[in-house]
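Worksheet for the structure shown next.
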Amino acid sequence: MKQELEKAYEPQKYEDDIYATWEESGFFNPDNLKAKGKPFVISMPPPNATGILHLGHASALAYEDLMIRYHRLKGRKALWVPGTDHAAIATQTKVEKILAKEGSSREELGREKFLARVRDYVAGSQDTIRNQTRKMGSSCDWSRERYTFDKGLSQAVSEAFVRMYNDGLIERDYRIVNWCPRCASTLADDEVEYEEQDAKLYYIKYGPFTIATTRPETKLADTGVAVHPSDKKYKKYIGQTLDIDLAGHNIKVKVFSDKAVDPKFGSGAVGVTPAHSAVDFEFAQKNGLEIIKLIGEDGKLLSSGGKYKGMDTLSARKVFVKDLEAADQIVKVEDYKNNLSICYRCDTPIEPLTSEQWFVRVNKKIPGRNKTLKQLATQTVKSGEIKILPDRFAKTYYHWMDNLHDWCISRQIWWGHRIPVWYKKSDTDIKLTLFRHTQSEANALKVGAGHKDYKLTEKGVEQAKKIAGEINPDDFDIIFSSDLSRAKQTAEILFPGKKIISDKRLREVDFGDMTDKSSLMINKYRAKGFPNGETYQDVRDRVQLFLDDISSKYKNKKIAVVSHSGVWKVFEIIFNGADFTEEFLSTHAALGAKEYDLDKKSEEIYVGHDKPKGKGWIQDEDTLDTWFSSALWTFSTLGWPIKNKIGFNKSLVEKVKNGEKTITHRLSEKELSVGETCIVENTQTKKSFGFIRITEVKKIKMKDLDLSEPGQGEYKSIEEFRKRIAKYYPDMDVTINSDLWVYRYIYSKKSDLDTFHPTTVMETGYDIIFFWVARMILMTEYLLDQKPFETVYLHGMIRDKAGKKMSKSLGNGIDPIEMSQKFGTDALRLSLIIGSAPGSDLKLYEEKIAGYRNFVNKLWNISRFIFSSVDKPKSIKTEPKAKTLADKWILSEFNNLAKEVDVDLAEFRFSAAGEKLYDFTWNKLADWYLEISKIEKNKDQILLYILERLLILWHPFTPFVTELLWQQFDTKEMLMVKSWPKTGKVDKKSLENFSDLQKLVIKIRNLKAENKIPPKDLPNCYLESKIFSKEDLAVVAQLSRVTLVDSLPKAKSFTIGKTKGKINLVKELSDKERSDLEKYIKATEAKLNNKNFTDNAPPQVVADTKKRLTEAKNKLK
RNA sequence: GGGCGGUUAGCUCAGUUGGUUAGAGCGCUUGCUCGACACGCAAGAGGUCACUGGUUCAAAUCCAGUAUCGCCCACCA
C-alpha cells in the first residue's frame, strides 16, 4: 500500500480499501484477537432494517467504534455485535405506503403474500444499512451479525414469552388500549405522542347535570357520571342509576363520587365513557359500571351508537351536536386547547378502546423472587449495578419506572413475531345440560358430604320430581351421572327408564378431613384445597378429562349430566371464565337445568414454541410489540436460549478442540444457521463437550467432498460416508450426487453468552431510554438474573445549526454518507464527537465537518513531512534520548497527553480526549516541534517515535487516515491491533522552560509585527539567558526571525522569565495594553493589601499572585 | 401541573473538587509562497460569563430567587 503521499488527503480514494483490509483480517472478531482478560462488549442498537443511516446512527456508530477500537488497542477482547431490527410497525407502514402507491393494499395481498413482500423489501434495505455502517468505519463483528427475525432470536422471543406466561407475568385480558385506526393495531403507552390542538369544549344538558366534553359523540356510550364526594348539588344522585336522554338516544348512567373530579371544572359532573377513555375505564372497574363499546376498530361507530352507527367519529360528532342543538341540549361551546394523542409512527389520532390483548404485568410479584418486574428493573439501577451516563437520566428512568403500567404487547399488524399461543376450538356440536342433585341428607344436616355417599331426602325426591316435570327426557340422547347415590337417584327420577352412565369423574369435590363438617368450616378450605382431600383444580382436571372423552365420542349429541355443586363450579370455570376465588367457590349451584355449549367453552390454549400436536390448533393472529424482541437484544444475539444440539463422535470433537477449523456433515439444511451457538454432544454417551458457534455455512456437493479435510478424515471413501449417513438417517435417500449442507465450525469452550454477557456498554440516544433501555433491563434481569450491560452511555440528538431536529419534512437533514464522501469519514466522526457532551444535543453543520477535514489533512501533512524528512520510516521501540530542550519538552508533552487521553477515554470523556489530541497535534507538534526539527535536525528517532504512537492514540477517533499513514511504516501489522502506548516520564522543568522559550519567540514576533517589520527582515537582537543554552537561543532567533548579535546598546529591552532581550526597534505598549496592565496591577495590589486574602489563601496562591504582580510591573517599564 | 437541561466572544461550544489576567474551533482584521500543509503560517481584535441577591479572602463555578429558550413526563373531562 506504500506510495507517495499526495499534498492533500483524499479520503474517498482510500477508505473502502482500508475497510476491506480490516474486514479480511478477521480482527473485528474477538475470537481472532490474542487478547486476554475481561472482554469489552457493545451490542449495536439495531437500526430499522428498512431505514437508511441518518446522523443519529452515524454518531452512535462513531462513539461505539471509538470505544471498541480503544479497548481493542488496550488489549481487551473487543466485541461489537451488529444487527438490524425488523421494526414491526415502522416497516409495515413503509411497505403499506408503497403498496398504496401501486394501488394495492395488504388486505388485497393477504397475509402470506404481504409478508413475502416485506421480506423482499427488508432484504434490499438491510444491504444498504450494512454498507453504510461499513462506510462509517465500524469495526463490528459481521460474523455475529443478527437480525431480530433470525431463527435463534425468534426462538428467544417465544422462550421469553412462554416463561413469562408460565410465571403469570403475561396474561390475556380485556382492557382499554391505545388503538391506532390507521395501523389497525394497539400501541404501548409510550408509543403514543401528544400534540396540542385547538378543540371545542361542548357543554351538554345531561339529565339533571350539565357536562362538558370535547368528544360529544362518546357520550352515547356513557354508563356513569362522576361527581366530587363533597359536591352538595349532586349528593342526592350518588348511587342512583339515571335514564338520560341525549337527543333521543337513551343511556343509563350510574352516578358515583370520586375525589379525582374537580368540582370547579365545568359544572362539576363528568360523563364517564368506560370503553373509550383510560381514566373512565378505571372508574368503571372501581364502581362496577357497565362497559359499552361504541367505536369499532375501524374508527366507526358500532350499533351501540344507535342512529349514528357506521359513521366515523368526526361525522358522528357533527350530526350528534346538531341533533343536540335541535333538542336544545347544547348549553354552550367554548374554544379549548387539549392534547390530542397521536400514533408515533403515522401521526393518526389514537382511539382508546376496549379490547382483549396480551399484557406484561409489571406489578405482579415474580414467583420465587418476591419482586415485581418493576422493582427488579428499578433496583438494578438504584443499587449502582448499572451506571447511567450522564447520571441525571437515572432520575428520568426511576420516574418512568414508577409510573409504568402493564405493557400491552400484542399488535394486530402482520409484520412481527407471532404470539406463541395456540387456541383450539372444538366443533363437537355437543349440547351439555347440567343438573345438580336435589336435597341430600347431608344438605339437610348442613354438612359437607364430599365423597361420602349420602342419599336424597324426601324433600330431595320431591324436588327432583318437580324438575322432571319441567323437562322432556327424550330431549337428551345420553345421560351421565356422578356415581354417588344422591346424583344417581336424582338422575333416575329425572330420566326414568333411560340408560344412565355413571362416571366417577363427575363426583363432588373430596372434602377429605372436612367431610361432614359445617359449610362454615369447609368454606375456609375451598380456595386452598381440602386437607387429605382435593382442590378444585383437581376437580377441574378430572372433569376436563371427562369432557375430552365425550367430545370425541359423542359428537352432535345432547347430553345430560347429573352431578354436584362442585362440578357446577368447575363448569362455570371452564365454560364461563369464573375464577378459583373463595367467594365464588363458596356459592352453591341452583337446582334445575343449566346449559353449556361444549364448542363455546373457553378455548383450549397452548403456549409454547411450536404448534402443539393434534388437529384444530390455530395460532393467535397477533404479533408482538417490536420492543419485546428488542428487549432481549443483548443476549438473544449471543445465542440465548441455546437449544440446538450437535452430535459428534469423540475423535471429531478432539480435533475441533485443538482449535482447527473443521467441517463435518449435517443433513438437514434448516437445522442450523450462521451465528448460532450449539451444544456439542457425544452421540454415544450423550455427554456434552461444550459449545461451538457456527461462523460459516457452505454448501458442498457430496461428490465434491474432500475427505482429507479435517473432520472428514475418518471416512475412507464416499461410500463409507454414505453408509454411515444411511445408518443414522435411514429414511434419507443418499446418493453420490446429493446436495448436502456442510458446515464450518469454530470451537469455543464457552458459549458467546457466557463469554460476552453482560455486555459492557450500551451506547444509545436518550430518546429511547424508555422504549428500549428500560425494557432491556427489565427483561434481562427477569430472564437471566443478570444486568444487560454495565454502563449506559447516552448521546444527544443531532440538530441543525438553528437547533431544530433534522427531519425529511423540514429538509434540513444532513446525509452522513454524503458528508463522508465530501469530507471523509474521519472528519465526520470528529465533528460528531468533539464538542459534544453526553446527553446534550449537538448542532452539526457543514462548516464544522470541514473544519475537521482540515485537521485530518493537517495530520496527513505532519506525517508526510516526517516520512519525507527521516531516513527510513521504521518503528522505534523505546523512548529515544532527548538531546535538546525541545526534545525533552515534546516527549514530556506526549507522555502527558497519552496518559490523559487514556484516562479520559476510559472514563467516557471522549470530547475532552479529542480536544487534547487536537491541541497536541496541531499546536504543539506541528506548530513548534516540527518547526524546531527543521532547525535542530537529526530528530528521526523522536519524530517517528511520537508519530507512531500518536497514530495509535488517534486511531479510535480517525481510524482510516491513521491506518493508512501507519502503512507507511515498514510493517506488515495493522494499526488496528497494535497496543496502546506505554507512557514515559514527564519532565516538568523542561515544560516550564520551553514555555518561556515560546513566550520569548512570541514576544519577538509581536514586537516585529506591531512595528510593521516585514517578516523577511531579520533585525538585530541581543539575548541573554540564565536558562537557555546558546543552541536554544539560536532556535529562538530562527523561529522569531531575527539576527542574534553579541551586544546591542540602544534598543527596546524586554524580559521573559529569566531571559533578558534587546531588539533594535522600539514599540511602546498600546494604550489598551497599558490600561489593562494598570487595571490588573491595581486590582492585584488591592488583593495583596487585603489581610483577609494574605492570611486565608494558601501561601502558594499568595506567592503566585505576588510573582504575577512583579511580572506585570516589569512589563510596564 | 411535575421534572430535567441550557443561557460564557459574531456563530458553535469547553471550562472537573471555587484559586494564573475566562479558553478552543469557525468567522473577522492585518501580514505572509521560511525544506509538510492556503484544508496553510504568523500576529491581532473581540466577553458586565442571562439577571438579582447571598456565602467566601476569592464565584462563570456554591446557595436562593427571577427571566428566557428547550426537552421529558402527567388521566383534568
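Letters go in sequence order (proteins before strands), and every chain restarts at 1.
A donor-acceptor contact under 3.5 angstrom links the side-chain atoms of Lys858(A) to the base of rC37(B). The base of rA42(B) lies outside donor-acceptor range of the side chain of Glu931(A), with no N or O pair under 3.5 Å. Not a single donor-acceptor pair, N or O on each side, falls under 3.5 Å between the base of rA43(B) and the side chain of Lys1003(A).
For Phe770(A) and Trp928(A), each mapped to the nucleotide of RNA chain B holding its nearest heavy atom, the one lying further toward the 5' end belongs to Trp928(A). Between Asn861(A) and Gly271(A), it is Asn861(A) whose nearest contact on RNA chain B lies nearer the 5' terminus.
Counting only distance, with no hydrogens or angles, the side chain of Asp940(A) and the backbone of Val870(A) share no donor-acceptor pair below 3.5 Å. Using a distance-only test at 3.5 Å, with no hydrogens or angles considered, no donor-acceptor pair links the side chain of Asp231(A) to the main chain of Val227(A).
The closest side-chain heavy-atom distance from Leu5(A) to Trp860(A) is below 4.5 Å.
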If you restrict it to nitrogen or oxygen atoms, what contacts under 3.5 Å exist between nucleotides 26-31 of chain B and the protein, and what is each distance?
none

What does the list of N/O pairs under 3.5 Å between the protein and nucleotides 53-56 of chain B look like, with a distance for each?
none

What does nucleotides 1-18 of chain B look like as a protein-contact string, B for base, S for sugar-phosphate only, - for none, at under 4.0 angstrom between heavy atoms? ---SS-----SSSS----
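Ring geometry, Tyr206(A) versus Phe209(A): the interplanar angle falls from 30° to 60°, so the pair is classed tilted.
Residue-nucleotide stacking is not present for Phe1093(A) and rC57(B), judged by a side-chain ring centre under 5.5 Å from the six-membered base ring centre and planes under 30° apart.
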If pairs are Watson-Crick or G-U with both distances under 3.5 Å, what is the dot-bracket string of RNA chain B, marking crossing pairs with [ ] and pairs to another strand with |? (((((((..((((.....[...)))).(((((.......))))).....(((((..]....))))))))))))....
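Here Arg909(A) pairs with Asp904(A), Glu907(A) under the side-chain hydrogen bond (donor to acceptor under 3.5 Å, both in side chains) rule; sequence neighbours left out. For Phe393(A), the ring-ring contact (aromatic ring centres under 6.0 Å, His included) partners are Tyr766(A), not counting sequence neighbours.
Nucleotides rC4(B) and rG65(B) place their P atoms 12 Å apart, quoted to the nearest Å.
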